[in-house]
Amino acid sequence: TDDEDSDYHQEPYKESYKDRRRRAHTQAEQKRRDAIKKGYDDLQAIVPTCEQQDFSIGSQKLSKAIVLQKTIDYIQFLHKEKKKQEEEVSTLRKDVMALKIMKVNYEQIVKAHQDNPNEGKDQVSDEVKFNVFQGIMDSLFQSFNASISVTSFQELSACVFSWIEEHCKPQTLRDVVIGVLHQVKSQLY
């Protein structure tokens, strides 16, 4: 009959619930695989160490494990570089601060000398100057001698830089000089 013929022709076009679910799952799975593949391709394009080094091999793709390991290595390298740059910026900021302090001190000395050019001439003897210099150097040498190890050149080099960072800051040097000046002043008066 016509009804049976129409049902018969509609059967193949009707998709069962199970078939629709399977097709949707297959499409979702393919979409997931495509996204993962695209992610690996993007990593391989972005990470410099994943670039093909030997073109004689051809256009073989790196394995996913190698791409991930090279990406991890590259990220670790970037973290180390960032840390080095942050330390360098910190050191440069300290240097700028020290230079600003020195600039202010020199400007004060120049201004004082411009205001009273004859003041201070021949008022301090060379002996007093030497005593001040000797007091400053003795103080610095004591801290240097206590902080520095000379068992090897490498150890000496490492210790010198840490000693300079710790004991030659502008504020620390200022305190040493003020202490020596008070000591020399008490000896004179």
Side-chain angles (χ1 to χ4, degrees), residues 42-55 57 62-114 117 119-189:
D42 289 349
L43 280 178
Q44 200 165 351
I46 292 171
V47 177
T49 55
C50 287
E51 291 176 355
Q52 201 69 32
Q53 280 118 3
D54 188 3
F55 292 104
I57 296 172
L62 297 174
S63 72
K64 291 177 181 177
I66 291 174
V67 170
L68 286 178
Q69 187 57 53
K70 287 184 177 245
T71 302
I72 290 167
D73 294 344
Y74 185 63
I75 290 171
Q76 289 172 340
F77 165 77
L78 290 176
H79 280 291
K80 287 178 186 174
E81 285 297 309
K82 180 183 176 201
K83 186 176 181 182
K84 277 188 213 173
Q85 289 175 351
E86 287 171 348
E87 289 171 358
E88 188 177 330
V89 166
S90 176
T91 301
L92 290 172
R93 282 190 177 134
K94 289 176 186 175
D95 291 348
V96 166
M97 185 58 70
L99 290 171
K100 284 180 180 179
I101 291 170
M102 290 171 60
K103 178 184 175 244
V104 168
N105 288 337
Y106 285 130
E107 286 173 347
Q108 290 173 350
I109 291 170
V110 167
K111 185 172 179 350
H113 183 71
Q114 287 173 343
E119 185 179 305
K121 283 189 178 179
D122 299 324
Q123 290 183 355
V124 177
S125 70
D126 287 341
E127 183 181 351
V128 172
K129 291 178 189 175
F130 179 76
N131 287 340
V132 169
F133 179 75
Q134 183 180 20
I136 293 168
M137 291 301 113
D138 285 344
S139 174
L140 288 174
F141 182 74
Q142 287 172 1
S143 69
F144 182 84
N145 197 30
S147 301
I148 303 300
S149 171
V150 291
T151 55
S152 72
F153 183 75
Q154 284 180 321
E155 199 170 318
L156 172 68
S157 299
C159 290
V160 165
F161 288 114
S162 65
W163 175 80
I164 288 172
E165 290 252 335
E166 184 178 343
H167 295 282
C168 294
K169 295 177 187 173
Q171 184 62 40
T172 306
L173 291 175
R174 181 180 175 273
D175 294 343
V176 168
V177 170
I178 289 173
V180 168
L181 289 174
H182 284 302
Q183 185 179 20
V184 170
K185 181 180 175 183
S186 66
Q187 289 172 357
L188 291 176
Y189 299 108

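To the nearest 0.5 Å, atoms CZ (Phe161) and CG (Leu156) are separated by 9.5 Å. In this structure, OG on Ser143 lies 11.0 Å from CG on Asp138, to the nearest 0.5 angstrom. Note that the CD atom of Gln76 and the CG atom of Leu78 stand 10.5 Å from one another [nearest 0.5 Å]. Between the NE2 atom of His167 and the OG atom of Ser139 there is a distance of 9.5 Å, given to the nearest 0.5 Å. Atom CD in Gln69 sits 10.0 Å away from atom OG1 in Thr49 (nearest 0.5 Å). Atom CD of Glu107 and atom NZ of Lys103 lie 4.0 Å apart (nearest 0.5 Å).
Closest approach of Val67 and Gln44 over heavy atoms only: CG2-OE1, 4.1 Å. The minimum heavy-atom distance between Leu140 and Trp163, with the atom names listed, is O-CZ2, 3.6 Å. Phe144 and Val160 make their closest contact through CE1-CG2, 4.2 Å (heavy atoms, listed as atom of the first residue, atom of the second, distance). Across Ile136 and Val180, no two heavy atoms sit closer than the pair N-CG2, 3.7 Å.
With contacts defined as side-chain heavy-atom distances shorter than 4.5 Å, the pair Leu43/Cys50 does not qualify. Counting heavy atoms from C-beta outward, Gln108 and Lys111 have side chains that stay 4.5 Å or more apart. Side chains of Met97 and Ile101 form a contact here, defined as non-hydrogen atoms less than 4.5 Å apart.
Taking Phe77 as the reference, nothing meets the ring pair (Phe, Tyr, Trp, His ring centres under 6.0 Å) condition, with sequence neighbours excluded. Residues satisfying the side chain to side chain contact (heavy atoms under 4.5 Å, CB included) test with Tyr106, not counting sequence neighbours, are Met102, Ile109. Glu87 is linked by a salt bridge (charged side-chain N to carboxylate O under 4.0 Å, His left out) to nothing, counting only residues two or more places apart in sequence or in another chain.
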Salt bridge (charged side-chain N to carboxylate O under 4.0 Å, His left out) evaluation trace for Lys83 with Glu86:
CA-CA 5 Å; Lys83 186 176 181 182; Glu86 287 171 348; over 6 Å; no
Could you check Lys100 against Val96 for side chain to side chain contact (heavy atoms under 4.5 Å, CB included), going step by step and ending with a plain yes or no?
CA-CA 6 Å; Lys100 284 180 180 179; Val96 166; 3.7 Å; yes
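Identified under the side-chain hydrogen bond (donor to acceptor under 3.5 Å, both in side chains) test for residues 88-98, with sequence neighbours left out: none. Sorted by first then second residue, the salt bridge (charged side-chain N to carboxylate O under 4.0 Å, His left out) pairs that include residues 152-161, not counting sequence neighbours, number zero. Sorted by first and then second residue, the side-chain hydrogen bond (donor to acceptor under 3.5 Å, both in side chains) pairs with a member in residues 171-181 read Gln171-Asp175; sequence neighbours excluded.
Within a 6.0 Å radius of CD in Glu127, other residues, nucleotides and ligands contribute 12 heavy atoms or fewer. Within a 6.0 Å sphere centred on CD of Gln154, heavy atoms belonging to other residues, nucleotides or ligands number 12 at most.
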